[in-house]
2 protein chains.
Amino acid sequence: MPDPVAPVSNLGFAILGLLARRESTGYEVAQRMRQPIGYFWTARHSQIYPELNRLDGAGLVEHEVIDGAGPRPTKRYRITTAGQTALAAWVVGDLEPQPVRDLEVLRLWSIWTVDPDAADDLIGRLEATHQRILDRYLEELAQITDSPGGRDPANPLFASRITLEGGIRSRRTALEWCAWMRTELAAAVR
Amino acid sequence: MPDPVAPVSNLGFAILGLLARRESTGYEVAQRMRQPIGYFWTARHSQIYPELNRLDGAGLVEHEVIDGAGPRPTKRYRITTAGQTALAAWVVGDLEPQPVRDLEVLRLWSIWTVDPDAADDLIGRLEATHQRILDRYLEELAQITDSPGGRDPANPLFASRITLEGGIRSRRTALEWCAWMRTELAAAVR
DNA sequence: CTCACCATGTAACCCGTTACATGATTGC
DNA sequence: GCAATCATGTAACGGGTTACATGGTGAG
């Protein structure tokens, strides 16, 4: 029987969430995780393959060997009932507040050491990257809102929709904040 | 002479930013970094002491041994001119977009696997933690806005003020998003 | 007497990125 | 022929957390 005290990492729950939506080969899991799933999580294949093996050993996923192109056997993974239970328990489990770590803000915290022109330029570049990401989110949301499942809380599209909405709101807020910072800089230069 | 190609880590720039504001012992740096500096970066002493030694070796900080209570010599660190130059160059340097990684959103992405009551409860707990952090930010901002340096872009308080403002805006947005998610859940249950 | 604080350091471990490794098939 | 895609894995390394280690001073 599988190890009952096997601790599952956050990456493990990310993968379980992915397989709960639809079964996949390890390769497909890696493809789906290259672009942020839930718009807030990424991983590479070098992390995913070992984690899939751990989840398999813990009985949270199971696999079936299928025909494939690789030199090693191709495996199709599926979440087990135990995996679904563990995932649901984690979702509603205790939240300890995670330490925030944001490189952009760390830079801004030392922005007083550069002259206002360079500061304004930096904030302009920040704005541009936020805008690009916002545009991408808006496109993705447009595709989801068309389908009816997005209104049903038991449908994965519902969760995709609300996390995407969170991303959109936070990027919009970041853009407003950038504009505000520029006026603060300009007000002082005068 | 110091190694000219020594790469400085993000932690290194966080420490330089701290020492650019005021000189400190390693212990004091660790104290100041326990609560997020710039409201978006933390570190422990076990990371800080080795990094201070690296910065010292690279000539970006210098130290003076002073009287102190520890079993080893107590050192007071100060940023050097080279350190100030390196810090300012990093602030305005290229930004590669950092991959987002948010545990809260990763959970929400799998919220469709639990029943709406548990989902509502989870979001309620999210709201509470955001609210607590927002309250703390607002208190800190109240202390800064009183002092006049906050209006001068060359004053460290200016940078503290704008990063704090960013934190406040993002927490307020998160709270609005939580409230919105609850209405979306309620709309579907009906 | 014990606890908290000052003060600096090291070691083990986890998580993530980059790079190395293998090998078949399909399109240019 | 060469690159891209499918397909799975390992190894080296960097950053971060937790825990171990040392020892003096002052407060309760």
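Heavy-atom basis, side chains included; hydrogens, waters and symmetry copies ignored. Convention: sequence-line order gives letters A, B, ...; per-chain numbering from 1.
Across the interface with DNA chain D, nearest-nucleotide mapping of Q31(A) and R54(B) shows Q31(A) to be the residue nearer the 5′ end. Map Y77(B) and P99(B) each onto its nearest nucleotide of DNA chain C; the residue landing nearer the 5' end is Y77(B). Nearest-nucleotide mapping onto DNA chain C: of E28(B) and A43(A), the residue sitting toward the 5' end is E28(B).
Atom CZ in R72(B) sits about 9 Å away from atom C1' in dT10(C), given to the nearest Å. dT17(D) atom P lies 13 Å from atom CD of E96(A), rounded to whole Å. Atoms OH (Y27(A)) and P (dA24(C)) sit 17 Å apart, rounded to a whole Å. Look at NE2 on H63(B): it is 15 Å from P on dA7(C), rounded to the nearest Å. Atoms CD (E51(B)) and P (dT8(C)) sit 16 Å apart, rounded to a whole Å. Rounded to a whole Å, the CD1 atom of I48(B) is 13 Å from the C1' atom of dA7(C). One interatomic measurement links the two molecules: CG of N53(B) to C1' of dG9(C), which rounds to 9 Å at whole-angstrom precision. Between the CD atom of E64(B) and the C1' atom of dT8(C) there is a distance of 17 Å, given to the nearest Å.
Phosphate contact (OP1/OP2 of dT17(C), side-chain N/O of R101(B), threshold under 4.0 Å): present. Close to dT17(D), at under 4.0 Å from its OP1 or OP2, lies a side-chain N or O of Q47(B). Taking 4.0 angstrom as the limit, R44(A) places a side-chain polar atom (N or O) nearer than this to OP1 or OP2 of dT18(C). When the side-chain nitrogen and oxygen atoms of K75(B) are compared with OP1 and OP2 of dG9(C), one or more of them lie within a distance under 4.0 Å.
Ring-plane geometry between W90(B) and F13(B) is classed as parallel, the angle between the planes falling under 30 degrees on a 0 to 90 degree scale with a further cut at 60.
Comparing dT10(D), dG9(D), dT10(C) against the side chain of P50(B) picks out dT10(C) as the nearest.
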Output, in order, the C-alpha distance, side-chain angles, deciding distance and verdict of salt bridge (Lys or Arg N to Asp or Glu O under 4.0 Å) for E176(B) and R172(B). CA-CA 6 Å; E176(B) 285 164 24; R172(B) 279 205 224 273; over 6 Å; no
Go through the steps to decide whether R22(B) and E28(B) satisfy the test salt bridge (Lys or Arg N to Asp or Glu O under 4.0 Å), and finish with yes or no. CA-CA 10 Å; R22(B) 123 169 80 94; E28(B) 283 163 354; 5.8 Å; no
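Judged by distance alone with a 3.5 Å cut-off, a donor-acceptor contact links the side chain of S46(A) to the base of dT18(C). Residue T74(B) places no side-chain atom within donor-acceptor reach of the base of dT8(C), judged by atom type and a 3.5 Å distance cut-off alone.
A salt bridge is defined here as a Lys NZ or Arg NE, NH1 or NH2 lying under 4.0 Å from an Asp or Glu carboxylate O, and R54(B) with E51(B) meets this definition.
Rounding to the nearest 0.5 Å places CD of E184(A) at 8.0 Å from CD of E165(B).
Here S9(A) lies in heavy-atom contact (under 4.0 Å) with sugar-phosphate atoms only.
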